[in-house]
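Starting from 1, each residue takes its place in the sequence as its number.
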Amino acid sequence: MIILFVLSLLVMIGHGASPGVNTQVKELETTTHEIRRNVSDDDDRRAIATSGVTDEWTYFHDAPPSQTINLRKPQQIEMAPTSSPTVVKGDSNVVSYRPTRQVWEYGVLAPNMMPSRLSSPSLSPMLIQGNTETSGVSSRSSPTSQDKGLQSETQSPVSSNISTESIVSANENRIPSTEEVKKPNILLILADDVGTGDIPRYWNSGLVKMPNIDKLSDMGVTFLDAHATPLCAPSRYMLLSGNYQHRGRNPNGSWNLGYENNQFTSNQKSLSEVLKGAGYQTFMTGKWHLGAKVPPSGLVDREKYLTSPWHNWSLPLIDGPQDIGFDHSYITTGGIQEPPYSFFRNGVLTTDVQSESVYWETGSYTTPVGDSVILRAGEGDVSWDSSSYNMILVNETSMFLDEHYRNYADQPFFAYVALGAVHIPHSPPNHYLDGQPVANEYPSGHLDMLLEMDMAAGSLVSMIERHGVANNTIIIFASDNGGLRYTPGIPHRSSGPLRGKKGEIWEGGHRIPFIMRYDGVFPANEQRDHFVGLNDVYATLCELLDIEVPPLSAQDSVSFADYILSHNNTDKLRNSLACYDYKKSTLQSDALRKGNLKLIRFFEELESRIELYDVQNDISESVDLSNDPFYKDVILEMINELQSLGPCPDDVIGLFPIHNHLLDVTFNTTCNFFQRKPWKCNEFIEGELNCNSICGRHTRVCASV
């Protein structure tokens with residue numbers, strides 16, 4: 001009887017466990033909504049009253065002119081996870097939190113403000129302290145002001161009277177020593193559309209002074225011959241996958257939020273996944289541009305990204321950052337240039353689609369921060385402001401690092417910051433976070449954005465320095481492709497002496513600035529002139545961190561770890577590097593760098609053609625050597641190699657080795673193996689590489705070549 005009684009008691013406890021958890025989470029969510037409602041209903045006389053969505057603001061001017069009019073926005077509660085988060089079965093994103101700081105109401109110079117077509121008064125920031133609240137809230141509750149990129153504690157994120165020192169504050173008692181963190185941290189800063197001519201150190205050119213990038217170069221290693229692809233999305237996949245872009249789902253990369261998954265195939269592991277598996281806390285903020293699927297099953301209405309009844313935004317993005325290894329993320333799917341104009345935190349939309357979504361028409365909208373510009377009409381958050389974008393990313397990174405050293409100080413971190421600068425629209429803020437002027441400091445918005453980019457990079461690096469971990473952090477600065485076109489009348493060339501620009505196969509389209517710093521490990525103020533690719537970052541970091549590159553991943557990545565340490569260590573460097581230029585899934589041109597020579601193939605409708613340049617002695621690619629008989633055999637060899645590396649390699653005749661990673665055995669076979677068992681193409685990458693006619697995935701591209 002006693003045994004039966006005990007068993008019955010256990011069954012009763014088991015049945016009661018799940019409802020208890022659900023009840024707790026519901027209570028937490030209710031508390032959150034109550035907090036938001038109480039704050040929103042607060043009749044603060046300094047609030048901005050809105051009439052309509054974007055057409056009119058009414059200001060209550062009872063505050064002195066030197067102070068900021070306060071926005072009537074939900075109060076921010078800074079939260080830290082409990083030691084044992086409550087997780088509802090089947091939904092790992094639902095956790096309980098405990099508040100750790102006071103509640104603050106932010107001033108008008110915050111990124112999540114109501115934009116207006118009207119000019120706002122000249123105002124200085126004022127911070128108003130609210131009451132201290134204590135309650136648990138669910139991370140799946142309605143978006144709070146923290147979800148929209150606001151700074152924690154007493155820091156107004158976009159204000160002119162706070163210094164960068166306040167942005168990068170740290171908990172000094174939690175700074176880990178080198179002994180505590182066995183592997184170095186990684187800060188990866190990726191600029192957008194910045195060419196080598198934009199950086200003064202490359203060609204002693206450029207109009208914009210960049211003291212922060214100069215300092216990074218002084219304290220690190222500058223690569224003079226680094227390459228990406230000519231366009232944005234393919235390069236971002238190249239960086240995080242270690243592959244040429246056609247190894248992914250789409251040969252030209254995955255760009256948009258829509259009906260397809262991201263660019264990674266099912267057997268590929270991203271750099272963030274590998275680092276997470278090695279014990280890193282992983283973080284990303286900024287421009288995603290790797291593709292994702294609208295929940296629950298894909299895009300239905302592009303005109304109504306947010307408000308379509310067929311889109312379920314209570315669910316996270318499908319194949320978003322959280323699905324390729326990022327523990328924490330705060331991103332926009334298309335940067336600042338395309339809808340939806342909203343942020344996603346850990347894959348979850350931060351915009352309340354019922355009350356905070358709006359359809360943004362093309363045009364310029366004056367805000368207290370600057371002029372926000374919409375190039376492509378579409379839905380987004382009512383608080384969207386393109387001029388605040390990069391400063392929001394800086395603040396998000398600061399909050400991540402503060403949280404990291406409060407709760408995960410014994411772990412290394414990987415922070416990937418994908419800036420919006422300097423992609424169009426060029427909408428510089430009036431002032432940077434520390435009050436320095438930005439807009440109208442140079443002859444064009446493009447140059448002003450370069451100025452802000454340098455400021456943002458400086459803020460990010462200073463966070464590392466102020467946390468005291470510069471001697472245990474690898475800092476990388478790079479761009480996703482070459483620079484923008486020359487603007488007549490302005491003596492600034494983003495490509496320097498290089499031919500071409502973003503989107504083109506000549507050097508100006510894909511040669512990028514690339515700097516690495518690791519105090520006490522990498523040499524300072526040195527340069528490297530051997531070519532490397534953005535895809536090589538994957539293998540290089542793995543070697544530096546003593547992490548094994550996973551099977552079927554980073555197949556086009558070659559480590560240059562030893563080369564960073566000394567320019568004499570050239571034995572392991574790649575001897576060739578390919579580049580591919582696609583337009584709408586059609587291969588327009590490709591190129592192969594081998595030694596000093598660069599071969600280019602153009603696939604044109606009437607007749608294909610080739611060009612050959614000695615880029616060592618002809619950096620501007622002005623003298624075509626393709627008709628010189630001396631290079632005839634070299635050209636044939638380069639064409640064959642370029643063909644084998646590309647999306648349409650010729651089938652291998654005869655035996656070739658393939659490796660079974662599960663059994664860790666290698667055996668020889670022929671294309672007949674895949675002909676008989678085509679499903680094996682998904683198991684062995686050698687099938688796609690050696691038997692393209694059977695395992696190739698890009699038949700449309702190959703038909704056009």
Output yes when a side-chain donor or acceptor of [X] lies under 3.5 Å from a complementary backbone atom of [Y], and no otherwise.
{"X": "Asn535", "Y": "Ser557", "result": "no"}
{"X": "Glu379", "Y": "Leu306", "result": "yes"}
{"X": "Asp556", "Y": "Tyr244", "result": "yes"}
{"X": "Ser494", "Y": "Asp198", "result": "no"}
{"X": "Asn212", "Y": "Ala456", "result": "no"}
{"X": "Thr351", "Y": "Val353", "result": "no"}
{"X": "Ser398", "Y": "Val394", "result": "no"}
{"X": "Arg249", "Y": "Phe264", "result": "yes"}
{"X": "Asn243", "Y": "Gln555", "result": "yes"}
{"X": "Ser272", "Y": "Ile324", "result": "yes"}

Measuring only between side-chain heavy atoms, which start at C-beta, is [X] closer than 4.5 Å to [Y]?
{"X": "Phe602", "Y": "Asp590", "answer": "no"}
{"X": "Ser342", "Y": "Leu349", "answer": "yes"}
{"X": "Ile186", "Y": "Leu275", "answer": "yes"}

Do you see a donor-acceptor pair shorter than 3.5 Å between the side chains of [X] and [Y]?
{"X": "Tyr359", "Y": "Glu303", "answer": "yes"}
{"X": "Tyr305", "Y": "Glu338", "answer": "no"}
{"X": "Thr332", "Y": "Tyr389", "answer": "yes"}
{"X": "Ser235", "Y": "Asn481", "answer": "no"}
{"X": "Ser427", "Y": "Ser386", "answer": "yes"}
{"X": "Asp434", "Y": "Gln436", "answer": "yes"}
{"X": "Glu452", "Y": "Asn390", "answer": "yes"}
{"X": "Tyr341", "Y": "Asp381", "answer": "no"}
{"X": "His328", "Y": "Gln322", "answer": "no"}
{"X": "Tyr416", "Y": "Thr282", "answer": "no"}
{"X": "Asn262", "Y": "Ser254", "answer": "no"}
{"X": "His698", "Y": "Glu688", "answer": "no"}

Worksheet item: Can you name the closest pair of heavy atoms from Val369 and Met391 and give their distance?
Response: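 Result for this residue pair: CG1-CE, 3.9 Å.
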Worksheet entry | With Phe477 via ring pair (Phe, Tyr, Trp, His ring centres under 6.0 Å) - residues at least two apart |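 Phe477 satisfies ring pair (Phe, Tyr, Trp, His ring centres under 6.0 Å) with no other residue.
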Parallel, tilted or perpendicular, as decided by the 30° and 60° cut-offs, for the rings of [Y] and [X]:
{"X": "His510", "Y": "His227", "value": "tilted"}
{"X": "Phe514", "Y": "Phe223", "value": "perpendicular"}
{"X": "His311", "Y": "Trp313", "value": "perpendicular"}

Discussion item. I'd like to know whether CD of Glu604 has more than 12 heavy-atom contacts from other residues, nucleotides or ligands below 6.0 angstrom.
Written reply: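 Yes, CD of Glu604 has more than 12 neighbouring heavy atoms, counting only those of other groups under 6.0 Å.
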Rounded distance (nearest 0.5 Å) linking atom [atom1] of [X] with atom [atom2] of [Y]:
{"X": "Met210", "Y": "Leu451", "atom1": "CE", "atom2": "CG", "value": "8.0 Å"}
{"X": "Asn430", "Y": "Asn440", "atom1": "CG", "atom2": "CG", "value": "8.0 Å"}
{"X": "Met238", "Y": "Tyr538", "atom1": "CE", "atom2": "OH", "value": "14.5 Å"}
{"X": "Leu188", "Y": "Leu240", "atom1": "CG", "atom2": "CG", "value": "7.5 Å"}
{"X": "His426", "Y": "Asp371", "atom1": "NE2", "atom2": "CG", "value": "14.5 Å"}
{"X": "Thr586", "Y": "Arg700", "atom1": "OG1", "atom2": "CZ", "value": "5.5 Å"}

Practice prompt. Just jot down the side-chain hydrogen bond (donor to acceptor under 3.5 Å, both in side chains) partners of Ser308, sequence neighbours excluded, or say none.
Written response: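 Scan of Ser308 (side-chain hydrogen bond (donor to acceptor under 3.5 Å, both in side chains), adjacent residues dropped) gives none.
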Worksheet item: Between Phe414 and Tyr280, does the ring centroid distance fall short of 6.0 Å?
Response: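 No, they do not, as the ring centres are separated by 6.0 Å or more.
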Are any of the side-chain nitrogens in [X] or [Y] under 4.0 Å away from the carboxylate oxygens of its partner?
{"X": "Arg345", "Y": "Glu396", "answer": "yes"}
{"X": "Lys293", "Y": "Glu260", "answer": "no"}
{"X": "Lys276", "Y": "Glu273", "answer": "no"}
{"X": "Arg485", "Y": "Asp193", "answer": "no"}

Fill in: Trace of the salt bridge (Lys or Arg N to Asp or Glu O under 4.0 Å) decision for Asp192 with Arg236
CA-CA 10 Å; Asp192 199 337; Arg236 293 166 196 270; 3.3 Å; yes
